[in-house]
Structure formats: structure tokens, C-alpha cells
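What you see below is based on every heavy atom in this structure, not just the backbone, and it leaves out hydrogens, waters and symmetry mates.
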Amino acid sequence: MEEYQKTVMRVSTVTLLGNLILAFFKILIGFISFSNAIISDGIHTASDVLSTVVVMVGVKLSSKESDLEHPYGHERFECVAAIILAVMLFLTALLIGYSGIIEIINPSNVKLKYGSLAIVIAVISIVAKEAMYWYTIIEAKRINSNAMKADAWHHRSDAFSSIGSLVGVIGFYLGYYILDAIASILICGFILKVAIEIFNDAIDQMIDHACSREFQEDLISLITEQSEIINIDDLKTRLFGNKVYVDLEVQVDGNDNLRHAHAIAHQVHDLIENNFPTVKHCNVHVNPSDS
């Protein structure tokens, strides 16, 4: 758990500093060049700073050990962090989309200045944010952190929004001013999609949603490989933050003695927890078989 926290804090600190620098220069250059798309993109990047802080706090709280009042642990704090992040993304998208719609309804007729500078910052942003995405998603998968995965997609959504900004700036630079506003609306749509996906994933983990079919099939495959297991009577899985709970009922020889049946259940329990690191708790119930 200590390594888990250290990894989150290290990755989050690096991306937080990177986003602060990017947001400052995007907004500055956006105002200098009169580009709404670059300014919108800068606001999106600034929201990444807040989302990373939310992730750091959420993971810190979720890493607390179990106590008398929370015997199952605190992993769902990470889900809360992901939900907050999704709402932040949603509101950011609405703000960006609103600015684009207003620009279409009441165009400012302000010509783009220093277009080449705006193009350069957009390209730098695409490269930097995609690098942040890969850096974060690789570490998130390694430690199985859903909040970090959500933050990684926050970075990638910023990279795609920068592509939209680049299109808008080039169009503006060539005299097609409306493309700048259209780019803002497209950015809005993409961010809304990501926000909804992150929100739905977090809600699934809050309401004990079952694990994926692939995960359950891997569990079944491991269990049925044990020669003393006659049948699987029932298998239930549920997500609990970034961890998994498994409830299992298996059949063993009905003529077996209690001590040996218990040993079989304990062996299956250990096999599951050792082969599936995300499984926090596994409950194995033994049923007697008449066959």
C-alpha cells in the first residue's frame, strides 16, 4: 500500500507541474493571439490540475487501513474522487461549449494575431498531454488505480482537445474564423463523452457491480483445474473501489471429513488471492456432493 501511494503521488506531482506550465502558456498565448480555442484548451488544462489534486486526496484516503467503523476498508474513496473528477470535466465541457456557441451567435470579428505562435503551442500541448497520458496510464495499470486511469484519460482528452484547437487556429489563421468556435464545440462534445464514461465506471464500483466476464471466466478456469472440486455451485464477484470481492460455493466429496473439506476450501481461497492480486477478500463455502 505504501508503494501504491508513492506511485500515485510521484506521477500526480509530475503531471500537475506539467499542467500548470502548459495551462499558463496556453491561456497567455490564447489571449495574445485572440484564439478562443486556445483559451478554452488552456482552461481544460487548468482543470486537469484540480482533477489531479482530487486524485491525490482520494487515493490518500482510500489507502487508509481498515478500522472498527470501516471493517471493509476505504477503497471507495477512490470512486468518490473519480465521480468528482467526472463532474469537473462535465462542467468544464459545458463552459467550453457555451463559449463556442456564443462566438457563433455573436462573432467577435477579431482577427487572429500571431497565428504561428498559437499553432506552436497547440502542437506542443498535443505532444506533452499524450506523453502525460501514457506515463499515467502505464503506472495506473501497474498498481490498478481507477482514479489514476480516469486522470490519464483526462490528459488524453486534453490532447484531443488540443487537436481541435489546432484545427480551429489553422482555420482562423486562413480566414475561416468560424472554425475556431466550431473547434470549441467539438472539444465540448469529446470532453462530455469522457466525463460520462468516467462517471459510469465510478458508479459501477460504488454499487457492487460484477467484474467483467473475462475476469470471471479466468476465475472459473482456475477453480475447475483443482481435482478435488466436483462443481461450482455459485460464483459472485463485486467491485469495491479498485479491489474485488469474491463469494464462491463449490462441491466436494460428500463423504469427505470436515477437516479435509476445510483444507480444500482454504487451498482454493489462497489460489484465488495469490493469482488475482486485485482480489481483496475471497469467501469459499463448501457444499457436499452426492455423486
Name each donor-acceptor pair under 3.5 Å that joins a side chain in residues 222-230 to protein atoms two or more places apart or in another chain, with its distance.
residue, atom, partner, partner atom, Å
Thr224, OG1, Ile220, O, 2.8
Thr224, OG1, Ser221, O, 3.2
Gln226, NE2, Leu222, O, 3.0
Glu228, OE2, His260, NE2, 3.1

With rounding to the nearest 0.5 angstrom, report the [atom1] to [atom2] distance, [X] to [Y].
| X | Y | atom1 | atom2 | value |
| --- | --- | --- | --- | --- |
| Cys282 | Asp247 | SG | CG | 8.0 Å |
| Ile185 | Tyr98 | CD1 | OH | 12.5 Å |
| Leu248 | Thr237 | CG | OG1 | 11.0 Å |
| Leu239 | Ser212 | CG | OG | 8.5 Å |

Going by atom types alone, do Asn287 and Glu249 pair a side-chain donor with an acceptor below 3.5 Å?
->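 Looking only at side-chain atoms, Glu249 and Asn287 do form a donor-acceptor pair, the distance falling under 3.5 Å.
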Between Thr52 and Asp151, a side-chain donor and acceptor under 3.5 Å =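 Yes, Asp151 and Thr52 have a side-chain donor paired with an acceptor closer than 3.5 Å.
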Indicate yes or no: at least one non-hydrogen side-chain atom of [X] is less than 4.5 angstrom from one of [Y].
| X | Y | answer |
| --- | --- | --- |
| His155 | Tyr135 | no |
| Phe199 | Phe90 | no |
| Val53 | Leu16 | yes |
| His209 | Arg238 | no |
| Tyr133 | Lys129 | no |

Whether [X] side chain and [Y] backbone form a donor-acceptor pair below 3.5 Å:
| X | Y | result |
| --- | --- | --- |
| Gln216 | Cys211 | yes |
| Ser12 | Val8 | yes |
| Asn19 | Thr15 | yes |

Counting heavy atoms not belonging to Phe25, are there more than 12 under 6.0 Å from its CZ?
->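 Count not over threshold, so no.
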Inspect the contact between Asp234 and Lys236 and indicate whether a charged nitrogen and a carboxylate oxygen are less than 4.0 angstrom apart.
->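 The answer is yes: the pair qualifies as a salt bridge.
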Test: Glu139 and Arg10 ion pair at under 4.0 Å =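 Looking at Arg10 together with Glu139, the answer is yes, because their closest N to O distance falls below 4.0 Å.
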In terms of the angle between their ring planes, are Tyr245 and His281 parallel, tilted or perpendicular, with boundaries placed at 30° and 60°?
->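 Judged by the thresholds at 30° and 60°, the geometry between Tyr245 and His281 is tilted.
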Met132 with Val127, same ILVMFWY side-chain cluster at under 4.5 Å |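 No: no chain of side-chain contacts under 4.5 Å links Met132 to Val127.
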